[in-house]
Q: 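Once you've had a glance at the structure underneath, I'll fire off some questions.
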Amino acid sequence: MISNLSIDEQMELLRRGTIEIVPEDELRAKLVKSQKTGKPLKIKLGLDPTAPDIHIGHAVVLRKMRQFQDLGHEVTIIIGDFTASIGDPSGRAITRPLLTPEQITVNAQTYYDQYCLILDPAKTQVRYNSEWLRTLDFADVVRITAKITVARIIERADFAARLADGRPIGMHEMLYPVCQAYDSVVLEDDVEVGGTDQTFNIILGRDLQRESGLEPQVAMFVPLLVGLDGVQKMSKSLHNYIGVTDAPKDMFGKVMSIADEIMPNYFELATSVPLEEVKQIEAGLKDGTLHPMDVKKRLAREIVAIYHGAEAAQEAQAEFEKVFSSRELPTDIPPINVKQADLKDGKMWIVRLVSAAGFAPSNGEARRLVQQGAVSLDGEKITDANAEITLADGQVLHVGKLKYGQIRIV
RNA sequence: GGCGGGAUUCCCGAGUGGUCAAAGGGAGCAGACUGUAAAUCUGUUGCGGAACGCUUCGGUAGUUCGAAUCUACCUCCCGCCA
């Protein structure tokens, strides 16, 4: 059912959190046509099944897709299983390693499970681009690539940069945007949504559709969500992400660790808090009537609630306040199993305990942590790296700020 | 195909025979201060129950009392010319 909201209202909704819609009047025209004919628009989203975990940065795009679905349109997810064997050069300074078919299958399944948290499965179609790309023969490839010039390809920012710096570009990498553009030709989609790193690829899709006699897709760009470090884009490989399947308390904690300055950004991109309210919050932060920490707690609640529900969000906040504000022990402390056989007269070397608990990757690291005062047992700090500690069931080992474990002698 | 340049630790990057587990910066980790924010300060960042012990400077084989540093071959990358 196509929404009967006015086109202006729809545009208003869809514009939220986008950087650019190319071109905006074409989107409007498509919406008008769809409303008149009752025929839903086809919205395309390409996913590269490389990182098996979806984080709230990806969610920005997915949530935009969800809006389209709520307005009655249809989403097609393209799992780039074929293109993953090329490796998306987007934003990459170096050539990506290739994935095996097995990895791709596993990742694609994980993806599916995760984006169902955001999208409406009933209005989501999933296609694998190997379906059409694998069957092309070399003559087809020549015919397609003949429509694109080399100058056009190397004007792409990351290629240009690599060229200038003397870093290698594989010929196959130039084919990546071509494949993605060809997906749009096959799909005959109306709109493609993507992060700004997809600018070139999506625009190329427009060109190739036009060249192929189709009505070109509208390109919608959403900003890349900045990661927890506040500097680089959120990404799994940079370890600065919040996964959509993260436990509520982890999600909450991660949000609390972001820089104050990026809060408005997160409100706009990662929550459904009305834009007007976001503006008020921003103003409140500026004139000091709102305390940044309170605002951040609200933000954390909003985000956790999207993926785990409001109740879990409340609990996560309570737990957070308990552990970090009141400095009490967390509710659930994972056990550290210590074998009776590893004890000598009931004692264990502190360094071994820390590394055996998995709190340090090596004894050297564990030793350092002890010496730097990061380790305590039952609240008592241990700084002697040679200490032999008498262990008992139920003692709580605390390392650094975040790591807790409860001794269990087995 | 010809000629030239290059590969160092998580990243960048110094290091041209011993004083090199390898400067400096980034990033990370820990501590202090805090709001698990930022900023700042301090310490730390190959392994090892730690001994000047072991393993590391693209790979292999050498030269040498001694190699990240010299030689040969190999692999990969870059540039210019064709």
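Note on naming: letters A, B, ... go to the chains in the order of the sequence lines (proteins, then strands), and numbering restarts at 1 for each one.
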Q: Give none if B/rA72 has no partner; otherwise give the nucleotide forming a Watson-Crick or G-U wobble pair with it, both distances under 3.5 Å.
A: B/rU60
Q: Does any nucleotide pair with B/rG35 by Watson-Crick or G-U wobble geometry, both distances under 3.5 Å, and what is it?
A: none
Q: Which base sits across from B/rA50 as a Watson-Crick or G-U pair, both distances under 3.5 Å?
A: none
Q: State the pairing partner of B/rG1; accept Watson-Crick or G-U wobble contacts with both distances under 3.5 Å, and report none otherwise.
A: B/rC81
Q: Would you tabulate the nitrogen or oxygen pairs shorter than 3.5 Å linking the protein to nucleotides 38-43 of chain B?
A:
residue : atom : partner  : partner atom : Å
B/rG43  : N2   : A/Gln372 : OE1          : 2.9
B/rG43  : N2   : A/Gln372 : NE2          : 3.3
B/rG43  : N3   : A/Gln372 : OE1          : 3.0

Q: Given that A/Lys344 and A/Gly373 both sit by RNA chain B, which one's nearest nucleotide is further toward the 5' end?
A: A/Gly373
Q: Ring stacking, A/Trp349 with base of B/rG49, under 5.5 Å and under 30°?
A: yes
Q: By the definition side chain to side chain donor-acceptor pair (under 3.5 Å), identify the one residue from A/Lys42, A/Arg206, A/Lys44, A/Gln209 that meets it with A/Ser184.
A: A/Lys44
Q: Give a yes or no answer on whether the side chain of A/Glu268 reaches the backbone of A/Val278 with a donor-acceptor pair at less than 3.5 Å.
A: no
Q: Which nucleotide wins on minimum distance to the side chain of A/Arg367, given the candidates B/rG49, B/rA37, B/rU36?
A: B/rG49
Q: For residues A/Glu192 and A/Gln198, is any side-chain donor paired with an opposing acceptor at under 3.5 Å?
A: no
Q: Regarding A/Gln280 and A/Glu276, do their side chains bring together a donor and an acceptor under 3.5 Å, going by distance alone?
A: no
Q: On RNA chain B, check which nucleotide each of A/Ser362 and A/Phe320 is closest to and give me the residue with the more 5' one.
A: A/Phe320
Q: One thing to verify: whether A/Asp207 and A/Arg210 come together as a salt bridge, which I'm taking to mean a side-chain N less than 4.0 angstrom from a carboxylate O.
A: yes
Q: Which nucleotide in the set B/rU36, B/rG49, B/rC29 lies at the smallest distance from any side-chain heavy atom of A/Leu369?
A: B/rC29
Q: P atom, B/rC70 versus B/rG79: distance in rounded Å?
A: 25 Å
Q: Would you indicate which nucleotide in B/rA32, B/rG49, B/rA37 comes nearest to any side-chain atom of A/Lys296?
A: B/rA37
Q: Do the rings of A/Phe320 and A/Phe252 sit parallel, tilted or perpendicular, given the 30° and 60° boundaries?
A: tilted
Q: Hunt down the Watson-Crick or G-U wobble partner of B/rA14, both distances under 3.5 Å, from any strand shown, or write none.
A: none
Q: Taking A/Lys297 first and then A/Glu321, would you say they form a salt bridge - that is, a charged N and a carboxylate O separated by under 4.0 Å?
A: yes
Q: Could A/Arg298 and A/Asp294 be called an ion pair, given the rule that one side-chain N must be under 4.0 Å from one carboxylate O?
A: no
Q: Heavy atoms under 4.0 Å, any strand shown: does A/Glu388 hit a base, just sugar-phosphate, or nothing?
A: base
Q: If you take atom types as modelled and just measure distance, does the side chain of A/Gln371 reach the base of B/rG31 with a donor-acceptor pair under 3.5 Å?
A: no
Q: Side chains of A/Thr289 and A/Asp287: do they bring a donor and an acceptor to under 3.5 Å?
A: yes
Q: What is the pairing partner of B/rC29, taking Watson-Crick or G-U wobble pairs with both distances under 3.5 Å in any strand?
A: B/rG43
Q: In the 5'-to-3' direction, what one-character label does each nucleotide of nucleotides 20-26 of chain B receive under the scheme B = base within less than 4.0 Å of a protein heavy atom, S = sugar-phosphate only, - = no such atom?
A: -------
Q: Given the ring of A/Phe267, does A/Lys279 sit roughly above its face, with NZ or CZ under 6.0 Å from the centre of the six-membered ring and within 45° of the axis?
A: no
